[in-house]
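FYI, side chains are in, hydrogens and waters are out, and symmetry mates aren't considered; it's all heavy atoms of this structure.
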Amino acid sequence: MRARDKAAVSALRATLAELDNAEAVPVDEAATRGSALEQAPVGVGATEAPRRELSECSVADIVRAEATERLHTAARLAAPAHADRVERLRAEAAVLLRFLDDHG
């Protein structure tokens, strides 16, 4: 696998995880405490919570934030020993920014 492909896969996996987290609905802890076992929901999907639907703008903001985070981290890594890491972070940011350009 080429280095560019690895950077793309890494950036896209991390960004998809961030999008997945953003769609999650906070769990109401009060509702999950103190329930007796016999009152627990039963059946397939009985405990599934609906997911948030992100707008296109929200998705773009998350992708942009992921790219920005990589660029800021790359800028802070000044030591020559981190040159490979800096290159990879910049490549990942470029993938994400290109995605925004292509779909924006």
Side-chain angles (χ1 to χ4, degrees):
M1 181 180 278
R2 294 184 352 230
R4 186 162 192 76
D5 292 340
K6 287 181 184 178
V9 168
S10 177
L12 293 173
R13 279 186 180 154
T15 303
L16 287 172
E18 284 300 315
L19 290 169
D20 190 48
N21 287 340
E23 291 174 334
V25 177
V27 175
D28 180 15
E29 288 187 35
T32 60
R33 289 189 186 161
S35 295
L37 181 60
E38 60 273 5
Q39 294 173 344
V42 177
V44 175
T47 59
E48 292 293 317
R51 307 282 290 171
R52 290 185 186 138
E53 288 191 33
L54 300 176
S55 68
E56 190 173 325
C57 184
S58 295
V59 170
D61 288 343
I62 292 169
V63 173
R64 191 173 295 106
E66 286 289 304
T68 301
E69 180 181 337
R70 283 164 173 74
L71 292 173
H72 284 279
T73 302
R76 287 193 310 260
L77 296 173
H82 297 295
D84 290 340
R85 178 79 173 131
V86 168
E87 182 180 333
R88 184 174 179 112
L89 287 167
R90 287 184 178 150
E92 289 179 11
V95 167
L96 296 173
L97 292 172
R98 190 170 47 254
F99 179 79
L100 287 175
D101 290 342
D102 290 347
H103 296 90

Q. If every non-hydrogen atom of L71 is compared with every non-hydrogen atom of L97, which pair is closest and at what distance?
A. CD1-CD1, 4.2 Å
(Q) Contact between E18 and V63 at the side-chain level, heavy atoms closer than 4.5 Å - yes or no? (A) no
Q. With no hydrogens and no angle check, is any side-chain donor or acceptor of R70 less than 3.5 Å from a backbone partner on A91?
A. no
Q | By side-chain hydrogen bond (donor to acceptor under 3.5 Å, both in side chains) - contacts of R52 (at least two apart) | A | none
Please tabulate, for the side chains in residues 8-17, all donor-acceptor contacts under 3.5 angstrom to protein atoms that are two or more places apart in sequence or on a different chain.
| residue | atom | partner | partner atom | Å |
| --- | --- | --- | --- | --- |
| S10 | OG | E92 | OE2 | 3.0 |
| T15 | OG1 | A11 | O | 2.8 |

**Q.** Closest approach of A22 to I62 (non-hydrogen atoms, all atoms of both residues)
**A.** CB-CD1, 3.5 Å
Q) Is the CD atom of E87 crowded by more than 12 outside heavy atoms at less than 6.0 Å? A) no
Q | Straight-line distance of E53 CD to S58 OG, nearest 0.5 Å | A | 11.5 Å
Q.
Looking at D101 and R98, is there a salt bridge between them, counting it only when a charged N and a carboxylate O are closer than 4.0 Å?
A. no
(Q) With rounding to the nearest 0.5 angstrom, report the CG to CZ distance, L77 to R90. (A) 9.5 Å
(Q) Applying side chain to side chain contact (heavy atoms under 4.5 Å, CB included) to L89 and E69, what does each step give before you reach the verdict? (A) CA-CA 9 Å; L89 287 167; E69 180 181 337; over 6 Å; no
Q: Specify the closest pair of heavy atoms between V59 and L54, including all atoms of both residues, with the distance to one decimal.
A: CG2-CB, 3.9 Å
